[in-house]
Every structure is written in structure tokens, then in C-alpha cells.
Amino acid sequence: MALYVHKYGGTSVGDIDRINNVAERVHKARDRGEDVVVVVSAMSGETNKLVALAHAVQERPSPREMDVLLSTGEQVTIALLSMALQERGCPAVSYTGWQVRILSDASHTKARIEDIDTAEIRKDLAEGKVVVVAGFQGVTEEGDITTLGRGGSDTTAVALAAVLKADECLIFTDVDGVYTTDPRVEPRARKLDRITFEEMLEMASLGSKVLQIRSVEFAGKYNVPLRVLSSFDEDGSGTLISYEEAGVEKALISGIAFNRDEAKLTVQGVPDRPGIASKILGPIADANIEIDMIVQNVAEDQTTDFTFTVNRGEYKKAMEILENTCKELGAKKVRGDEKIVKVSIVGVGMRSHAGIASKMFDALAKEGVNIRMISTSEIKISVVVDEKYLELAVRTLHEAFDLEQPH
Ligand code: ASP
Ligand code: MG
């Protein structure tokens, strides 16, 4: 029997009507003879509400307690969806992450899945039940509740699809697929029929909020075909994320990603000698803060300026750490800027074409957008610009690379 993992995000289970809609769809799939495992997020806005509650009590709540709190959102939706299914005469059973035993490491609020026990799920499927699993949560060896990072339900779904060897992992969301860029920023953005794992990884990691990055990594690693589609639209085929197809001519650029959650930190006037980069970034990494772009420049006086970007949410923590390091290293000064964004063009097609970067910089220059940092990879070029230029930069690039036209 074909097995599908369905994942429904917060807006798709945002109220009782919507939960009933999801139940309809799942019931239909079940009636077609498909085995279905459903992963759900918390109702939209709930996780944010829980975060706000925590911060109303404590400025920096302990990550362990944060996870106990945040995991409750998904527990509500699994129960409600199971009830909605049962109400329709469709046998269903709900499980939290720890009931399944989605084993994770202990890095609270951004834990990684290590193992999933599928025995119970397989047994339920064999008995004809729909299995409804809470997304975003796991449990450590010691029995502590963990969460997988914001948007982590996608990862739960893909990980389950991988271990269960599902035919496809369907990610139902409030958009009907992956777009060339965020349509809220560029209304002429176009839905893509397919995109490669690699491109999606860049789009996701660069802040296109459709899918959590870890879920795409997982899907690529275990070759789980991933389809993003709308839970409100009956017959759309969404966007298929898979490996690059031989013989299919690729557009130069598939999309434009951006990330508003960036902040940048600079250490000025550090002595230019071996080991400096590692002394600056070591303590940041030890604090489990992810670093994105890095730029280092040597000045004439043999000192160097060292700039890197982090997630805006970790800016304060990174700044504190850096100020201490700065004293130890005898650096002149630490500076920071929280009002920056990153805009990137992404496409496997750029591998075989020169001149993409200059076309990008040229288009931005014509609109007077100042570029503060640049980084490149084989299939991506990113620039950091002031927050106020985000919309202008995205629209300019969308136009320059002709993305509103199907290729
Ligand atoms: N509810 C969690 C969040 O809002 C997980 C998810 O929706 O995927 O981030
Ligand atoms: Mg999501």
C-alpha cells in the first residue's frame, strides 16, 4: 500500500473549520486506500503566544523549560485532529513526540532528531488507523522534552517519511507551492513546478519561510520526494522538490531568497596574526550561535577588521561574548548593526554561466542600493544591504533576471 506522510502547518489547523478540512482530506486519502501518517504544527500564532508568555515571566527562560512550554501547542492539534477523524468514522490515534519516541539530542530549542521508533506507528497503520504525530518535538535519552527549532514540524514530517520509507512527504501549507520569491514582497512572483533539493536548501536557509532548512537537508540525504502544496486548494500539484533531472534545461536563476533576521557584528583593529579568526569565533560557536557570512579585511596598520553575521535573535548574546573576546585580544572596538538583511539569488543554472554576479550588482547599483557584504557559493550569490532596501532589492533582482516569465 502507498504510504504518505502529510504535514499541516499552523494556518492549515488554525481553527476548528480548518481542522475539519484537514480531517476531510486525510479521510479521503485513507478511503483511496493510502496509508497516512499526519504531522501537525500548533494552531497558527500559538507558539508565538507561548514564547511571549515565557518572556513575560523571565527575560531569558531556561531552554529546558521553554521546550516543556512550546511543545504544548502541538499536543492540542494532534488531539483535535484525531477527534475530527474519529468523528468521520476514520480510525485515528494521536502521539506526542515522546510517545512515539522521537529521540533527539539535548540541545534544547534546537534539538536534532537521532532516532525514531516506528514499531507502534507501523502497528497502527497495519490496523487501518491514521497516525497523527505532534510535530516539532522530541525527547532525550533522559526523558526531557525537546523542540526542534521554529518550523520544526517540517523536519518531523520528513524524518518520519524517511524512516517509514514513505512514497512522498506532502507539506500542506497556506501557499500553493514554492515561489520565485515571496509574493508579499514581489506580487509578480511565480510558482515553480519543481526545484532541486540544493536550490530549496538555499532558498530555505536564506529565509524563504516555506520549509525549515533541516527538513530539506533530511529529504535530500534520504532522497524523500517532498511536495509543497496548499491545504486550501483541492487539486493543485504544488512544487516538487527532488534531485536535478538530467536533460532538463535549467533557468539561470530559480529564485530570490531573503532573510530579515540578520544582524552583523564587527571587531575592529585586531592584531593581524594566525589564530585570530578562531579566537573570535570559537566562543561564539561554543555558545551554539550559528554564524552565517564572514568577511575579514586587513588594514594598512597591520590590524584587521573582522565582520560576521548571526541571527538577529542571538545578536545580544553574540555581542556580549564578543565584547569579552575583544578585551582579551586587545582589539580597538566592537560594532554591531541589527538593521541589515540578506538578499540572495539562487540557481543551479549559474554553475555553467559567467557574469551573473556582475548583472546582479549592476541592477542593484542602478537603483542606488548599497551593498555592505557579499558572499557566493556555486549556486548562490548573497548580499547584505540595509533593511530599508529589502523590497527594492528583491523586486529589482526579480525583474533583472526575468523571473516572472516561465523558463
Ligand atoms: N509550532 C512550531 C513553530 O511555530 C513548529 C512548527 O510550526 O513547525 O515554529
Ligand atoms: Mg512552518
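Both counts, for ligands and for their atoms, begin at 1 and track the order of listing.
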Item to complete: Report yes or no: does a heavy atom of Gly152 sit under 4.0 Å from some atom of ligand 1?
Response: yes
Item to complete: Return yes when Gly151 approaches ligand 1 closer than 4.0 angstrom through a heavy atom, no otherwise.
Response: yes
Worksheet item: Can you tell if the side chain of Met200 reaches within under 4.5 Å of the side chain of Val178, non-hydrogen atoms only?
Response: yes
Fill in: pair Tyr95-Asp124: side-chain heavy atoms closer than 4.5 Å
yes
Worksheet item: If hydrogens are left out, which of Met43, Glu74, Lys7 has an atom nearest to atom 2 (C) of ligand 1, that is, the closest non-hydrogen atom?
Response: Glu74
Worksheet item: When rounded to the nearest 0.5 angstrom, what is the spacing between CZ in Phe308 and CD1 in Ile294?
Response: 8.5 Å
Worksheet item: Salt bridge or not for Glu142 and Arg64, using N-O below 4.0 Å?
Response: no
Practice prompt. Below 4.0 angstrom from a heavy atom of Ser153, which ligand 1 atoms are there? Numbered from 1 as shown, please.
Written response: 5 (C), 6 (C), 7 (O), 8 (O)
Item to complete: Using a strict 4.0 Å cut-off to heavy atoms of Arg150, name the atoms of ligand 1 that fall inside it.
Response: 3 (C), 4 (O), 9 (O)
Worksheet item: Between Thr47 and ligand 1, is there a nitrogen or oxygen pair with a distance under 3.5 Å?
Response: yes
Worksheet item: Among Phe218, Tyr222, Tyr243, which residue meets the ring-ring contact (aromatic ring centres under 6.0 Å, His included) test with Phe197?
Response: Tyr243
